[in-house]
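What follows is a set of notes on a single structure, which appears directly below.
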Protein chains: 2
Amino acid sequence: MKSELEVFREYVRQRGLRWTQERKLILQKIFEIHEHFDVDSLHWLLKQNGVKVSKASIYRALPLFIDCGLVREVDFSDGHWHYEHIYGHKHHNHMKCLGCGEVREFEEPILAQVDQRLTQEYGYSVVFHQLEVRGYCPACQKAGEETRAR
Amino acid sequence: MKSELEVFREYVRQRGLRWTQERKLILQKIFEIHEHFDVDSLHWLLKQNGVKVSKASIYRALPLFIDCGLVREVDFSDGHWHYEHIYGHKHHNHMKCLGCGEVREFEEPILAQVDQRLTQEYGYSVVFHQLEVRGYCPACQKAGEETRAR
DNA sequence: TTTATTATAGCAATTTAATCTCAATAAATA
DNA sequence: TATTTATTGAGATTAAATTGCTATAATAAA
């Protein structure tokens with residue numbers, strides 16, 4: 001399997017774009033982070049590592065990473081975008097707790113059937129889907145019960 | 001079944017909030033719109049109807065409507081929130097075409113199973129879920145093929 | 001290897017959605 | 001009807017994201 005850097009290098013070449021140090025450094029960092037991130041935290045992390053890259057460059061690089069399937073946007077309903085690297089990972093969905101805000105990932109094989117049905121029934125060609133679930137984790141349910149009991 | 005106005009009136013009473021003309025007018029308009037809307041379009045529509053309500057009031061009212069289950073946020077990945085009234089409607093999901101941007105709604109009974117599994121397997125209590133699908137509608141697929149053939 | 005071309009980086013300015021401040025107002029209730 | 005206080009509207013403010021511009025660096029051509 002090609003590395004994420006190779007995938008991006010190829011993508012960039014095909015489009016007459018350029019393989020720059022900044023893009024390489026940003027992409028490397030993204031694949032070192034094994035959690036979700038946003039532009040701010042990514043910028044801060046790079047800075048911590050002595051890598052000087054402007055936020056503007058991050059904002060300009062992300063759509064490219066997304067376009068070639070290395071990264072995706074994640075909606076945590078908190079006013080700005082979050083991201084995660086997806087290349088080399090199984091598709092998964094997110095469940096965010098409305099109490100503590102913790103995000104848990106889960107796989108859901110059944111969703112492949114949904115994509116299939118959309119193709120068969122409506123003639124859509126599905127590129128991707130995203131299931132976001134909101135609710136309460138076990139700990140927050142418990143905490144809620146105790147609060148109510150008082 | 002209670003009307004949306006009654007539901008909101010009750011919600012407002014229970015919380016010591018106030019049943020204002022502005023909130024009534026906004027809510028009525030939202031239930032007249034049988035499509036998705038955003039703050040701008042809702043504000044514009046009200047204006048067209050001679051209803052003077054500020055955007056600030058719309059921004060302040062929406063979280064209340066959402067909290068009592070009359071309205072929900074919809075993510076169309078275009079930089080700002082969209083909304084739709086849901087009270088009295090079946091739960092549905094959205095498929096947005098990456099070509100023309102058209103949004104199509106579809107029902108997906110299978111998703112109830114997903115919620116159930118999250119409860120059984122992880123102990124989560126699911127409040128709501130949202131499946132967003134992206135792809136290409138039949139028309140855009142055809143247009144794409146023709147373009148490529150040239 | 002050197003030169004020419006042009007996409008990209010960085011910075012600051014700008015845009016836009018959304019939130020907040022505050023004085024005036026209107027809804028609830030005593 | 002008077003009193004209390006949540007809500008309104010207008011504009012200021014915040015924060016995320018985008019853009020304009022010049023210098024720079026990546027690539028192609030010589």
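As a basis for the values below, the full set of heavy atoms in this structure was taken, side chains included, without hydrogen atoms, waters or symmetry mates. Every chain is numbered from 1, with letters handed out A, B, ... down the list of sequences.
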With sequence neighbours left out, what residues match B/Lys96 under side-chain hydrogen bond (donor to acceptor under 3.5 Å, both in side chains)?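 If we apply the side-chain hydrogen bond (donor to acceptor under 3.5 Å, both in side chains) test to B/Lys96, skipping adjacent residues, there are no hits.
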
Using the side-chain hydrogen bond (donor to acceptor under 3.5 Å, both in side chains) criterion, which residues pair with A/Glu121? Sequence neighbours excluded. A/Arg117

[X] has an atom [atom1]; how far is it from atom [atom2] of [N], in whole Å?
X       : N      : atom1 : atom2 : answer
A/Asp78 : C/dA18 : CG    : P     : 13 Å
B/Leu62 : C/dA18 : CG    : P     : 10 Å
B/Asp38 : C/dT16 : CG    : P     : 14 Å
A/His80 : C/dT15 : NE2   : C1'   : 19 Å

Evaluate the criterion ring-ring contact (aromatic ring centres under 6.0 Å, His included) for residue pair B/His89 and B/His91; output intermediate values, then yes/no. CA-CA 6 Å; B/His89 291 262; B/His91 178 75; over 10 Å; no

Rounded to the nearest 0.5 Å, how far does OH of A/Tyr122 lie from SG of B/Cys137?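 Atom-to-atom, B/Cys137:SG and A/Tyr122:OH are 14.0 Å apart.
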
Taking any atom under 4.0 angstrom from a heavy atom of chain B, which nucleotides of DNA chain D are the first and last to qualify, 5' to 3'?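 Counting from the 5' end, contacts occupy D/dT5 to D/dA10.
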
Are [Y] and [X] connected into the same hydrophobic cluster when the rule is that any two of I, L, V, M, F, W, Y join if their side-chain heavy atoms are below 4.5 Å apart?
X        : Y       : result
A/Ile66  : A/Tyr11 : yes
B/Tyr83  : B/Tyr87 : yes
A/Leu131 : B/Phe76 : no
B/Trp44  : B/Ile30 : yes

Does [X] pair with [Y] as a salt bridge, N-O distance under 4.0 Å?
X        : Y        : result
A/Glu32  : A/Lys29  : yes
B/Glu132 : B/Arg134 : yes
B/Glu22  : B/Lys52  : no

Once each nucleotide of nucleotides 19-30 of chain C is scored for protein heavy atoms under 4.0 Å, what B/S/- sequence comes out, 5' to 3'? BBB----BBS--

Just do the ring-ring contact (aromatic ring centres under 6.0 Å, His included) check on A/Tyr136 and B/Tyr124 with the steps written out, would you? CA-CA 6 Å; A/Tyr136 292 94; B/Tyr124 271 105; 9.5 Å; no

Of the residues in residues 64-73 of chain B, which ones touch DNA chain C at a heavy-atom distance under 4.0 Å?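 Correct list: empty, so none.
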
Please report the end-to-end axis angle for the helix from C/dT1-D/dA30 to C/dA30-D/dT1, five pairs per end, rounded to 10 degrees. 40°

Close side-chain approach of A/Leu17 to A/Arg13, heavy-atom, < 4.5 Å: no

